[in-house]
There are 2 protein chains.
Amino acid sequence: MAPKWRELADRLAEQIRRGDYGPGAQLPQIRDLVEQGEGSKSTVHAAYKALEAEGLVTSSRGHGTVVRHQAPLKRLGIARYDKAKWRDSDEVAFIADRVASGRAYKRDEQTQTVSLVPAPAAVAEAHGLPEGASVYARARLVKEGTQPTHTLTSYYRPEHVEGTRIVDPAPGPAGRGGGFRVLYDAGYEIDHMQETLFARVPTSAEIQLLQLSAGEWVVELHRTTFTADGTVVEHAIGVHAATRFAWTYDFDVPDSSKSGDKPK
Amino acid sequence: MAPKWRELADRLAEQIRRGDYGPGAQLPQIRDLVEQGEGSKSTVHAAYKALEAEGLVTSSRGHGTVVRHQAPLKRLGIARYDKAKWRDSDEVAFIADRVASGRAYKRDEQTQTVSLVPAPAAVAEAHGLPEGASVYARARLVKEGTQPTHTLTSYYRPEHVEGTRIVDPAPGPAGRGGGFRVLYDAGYEIDHMQETLFARVPTSAEIQLLQLSAGEWVVELHRTTFTADGTVVEHAIGVHAATRFAWTYDFDVPDSSKSGDKPK
DNA sequence: TAGTGGTCTAGACCACTTC
DNA sequence: AAGTGGTCTAGACCACTAA
């Protein structure tokens with residue numbers, strides 16, 4: 001038999017999904033359910049904690065426990081990197097996403113800091129540098145309105161970006177066209193990419209920064225960007241609240257028996 | 001100040017990462033820590049539950065709480081679909097993965113059932129069918145040794161697979177070359193794919209089936225497979241234990257200003 | 001100040017595994 | 001039977017929010 005707290009949680013989850021409690025609605029208070037005989041305070045609290053871990057509600061002291069607004073998944077496809085967007089106009093990828101999904105763009109929804117740091121292991125490997133070599137890190141926290149959705153940190157080799165707008169201390173996105181445009185202007189036109197995704201438990205710093213609810217996971221995205229001759233010009237690491245995104249990739253079925261390797 | 005259970009959990013997590021408790025080692029018993037003054041049983045239990053949610057340990061009644069073996073992430077790239085593997089030899093994708101990573105292959109590591117079912121919404125949409133239309137579902141549970149790692153269910157239109165080995169009740173993988181080979185023999189050569197990934201909380205059925213520890217998430221993968229003329233011949237939905245996989249995609253930076261749409 | 005959720009305790013009892 | 005983690009209770013007290 002399922003524990004009492006699990007049964008209560010399931011019953012409430014069912015009511016939420018049925019719409020008895022709509023987004024923003026307040027769930028009964030813990031003490032009320034205790035009075036109604038749902039169990040002791042710890043038991044009811046365990047049920048509420050489970051609902052929070054499942055992403056259905058958020059609890060906060062003083063306020064109460066309310067049903068979360070389930071923002072539809074934001075779908076990220078490779079079209080967000082379209083050269084036409086950042087080379088021929090002044091859009092940058094994250095703005096293009098916003099435009100495509102009909103959301104308003106505000107300049108302050110992205111903050112960034114640029115600094116020279118020792119390369120973390122994954123970055124060093126992607127760039128073919130010894131671990132700890134100096135690289136420029138451009139860290140952004142991307143928000144949608146007031147809600148942070150993901151962090152994105154791009155790592156560049158100093159010789160590629162020194163003297164460009166990327167290392168310029170001016171605030172806001174890296175200027176007209178974003179980071180890819182800056183690299184393009186510096187003679188490094190990006191050509192192909194590799195993205196790797198995996199899910200993991202957030203660090204406590206990430207829970208704060210991305211305002212994650214208890215038990216919510218993150219998806220880490222590693223993007224390596226190459227020029228046509230195979231030079232790595234950027235390695236970016238993004239940390240996304242797992243509930244808010246979906247990633248889509250289109251590709252041809254490979255055929256190694258034909259033409260050996262496909263020209264990249 | 002962090003709660004007492006959080007501090008205890010962090011301290012133990014630190015010791016696990018340092019190697020004080022190696023994989024398979026047993027953590028102190030709850031009652032022992034209570035005696036040592038780490039708090040009441042509930043408090044220590046909360047700490048252990050947190051460690052379990054973070055994927056560091058597994059607890060079970062009767063046994064105790066032991067440090068999990070952290071299997072390295074299995075990396076899935078699009079090379080697993082290489083035509084040379086399933087068309088020209090008798091490998092199937094999941095075996096190819098195994099071979100590539102040097103693991104032994106055993107025939108019984110995949111079980112499957114085939115049935116005619118009403119199409120779920122996502123499947124119907126991908127196939128361009130009305131919701132609830134009849135489709136063949138080929139459901140597999142893939143294991144590595146005794147450990148299940150993911151489920152994968154392929155949905156086919158009846159007119160594409162009727163009379164083929166796919167709907168044959170014979171057990172095991174869909175015969176020589178797998179499902180793609182069967183489609184190829186039936187005149188449907190697969191050409192390109194679209195994959196979509198997102199993370200979510202598992203259902204209770206998935207927790208049992210995939211032997212997930214408490215709080216562990218899953219990644220759902222949707223794969224739509226097309227022939228060269230754009231016909232959808234398969235829509236597959238996979239549910240993966242989130243901690244055990246990473247996905248990698250290589251692609252060219254799109255350029256919509258050149259040549260309109262790229263020929264698929 | 002009143003009302004919310006969060007933490008903690010001490011102890012009873014249950015479920016499962018091993019001997 | 002003994003030993004493990006898991007559930008549950010009743011109640012005290014704490015942290016935060018709003019009026």
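The figures here come from the full heavy-atom set of this structure, side chains too, leaving out hydrogens, waters and symmetry mates. Remember, it's a predicted structure, so these values are computed and weren't measured experimentally.
- More than 12 heavy atoms of other residues, nucleotides or ligands sit less than 6.0 Å from atom CD of A/E7.
- Here B/S42 pairs with nothing under the side-chain hydrogen bond (donor to acceptor under 3.5 Å, both in side chains) rule; sequence neighbours left out.
- Contacts between residues 61-69 of chain B and DNA chain C, defined by a heavy-atom separation below 4.0 Å, involve B/R61, B/G62, B/H63, listed by number.
- The stretch residues 24-35 of chain A participates, sequence neighbours left out, in no side-chain hydrogen bond (donor to acceptor under 3.5 Å, both in side chains) pair at all.
- With the nearest nucleotide of DNA chain C identified for both A/R31 and B/W5, A/R31 has the one nearer the 5' end.
- Qualifying side-chain hydrogen bond (donor to acceptor under 3.5 Å, both in side chains) partners for A/T196, counting only residues two or more places apart in sequence or in other chains: B/T248.
- Ring pair A/W217/B/W217 is parallel by interplanar angle, where below 30° counts as parallel and above 60° as perpendicular.
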Name the atoms and distances for all side-chain donor-acceptor pairs under 3.5 Å in residues 51-61 of chain A, with sequence neighbours left out.
unit_1 : atom_1 : unit_2 : atom_2 : d
A/E54  : OE2    : A/R6   : NH1    : 3.3
A/E54  : OE2    : A/R6   : NH2    : 3.1
A/S59  : OG     : A/T65  : OG1    : 3.0
A/S60  : OG     : A/H63  : ND1    : 3.3

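- Taking A/S204 as the reference, nothing meets the side-chain hydrogen bond (donor to acceptor under 3.5 Å, both in side chains) condition, with sequence neighbours excluded.
- Within the 4.5 Å cutoff, side-chain heavy atoms of A/F245 are placed close to those of A/T149.
- Here the range on DNA chain D touched by chain B, meaning any atom under 4.0 Å from one of its heavy atoms, is D/dG3 to D/dC8.
- Judged as a ring pair (Phe, Tyr, Trp, His ring centres under 6.0 Å), and not counting sequence neighbours, A/H45 has no contacts.
- Around the CD atom of A/Q70, the shell of radius 6.0 Å holds more than 12 heavy atoms that belong to other residues, nucleotides or ligands.
- Listed in residue order, the members of residues 37-53 of chain B having a heavy atom less than 4.0 Å from DNA chain D are B/K41, B/S42, B/H45.
- Applying the side-chain hydrogen bond (donor to acceptor under 3.5 Å, both in side chains) rule to A/H240 yields no partners; only residues at least two apart in sequence or on another chain are considered.
- Contacts with DNA chain C (heavy atom under 4.0 Å) in residues 204-218 of chain B: none are found.
- For residues 204-224 of chain A, the pairs satisfying salt bridge (charged side-chain N to carboxylate O under 4.0 Å, His left out) are A/R68-A/E216, A/R200-A/E206, A/R200-A/E220, A/R223-A/E234, with sequence neighbours left out.
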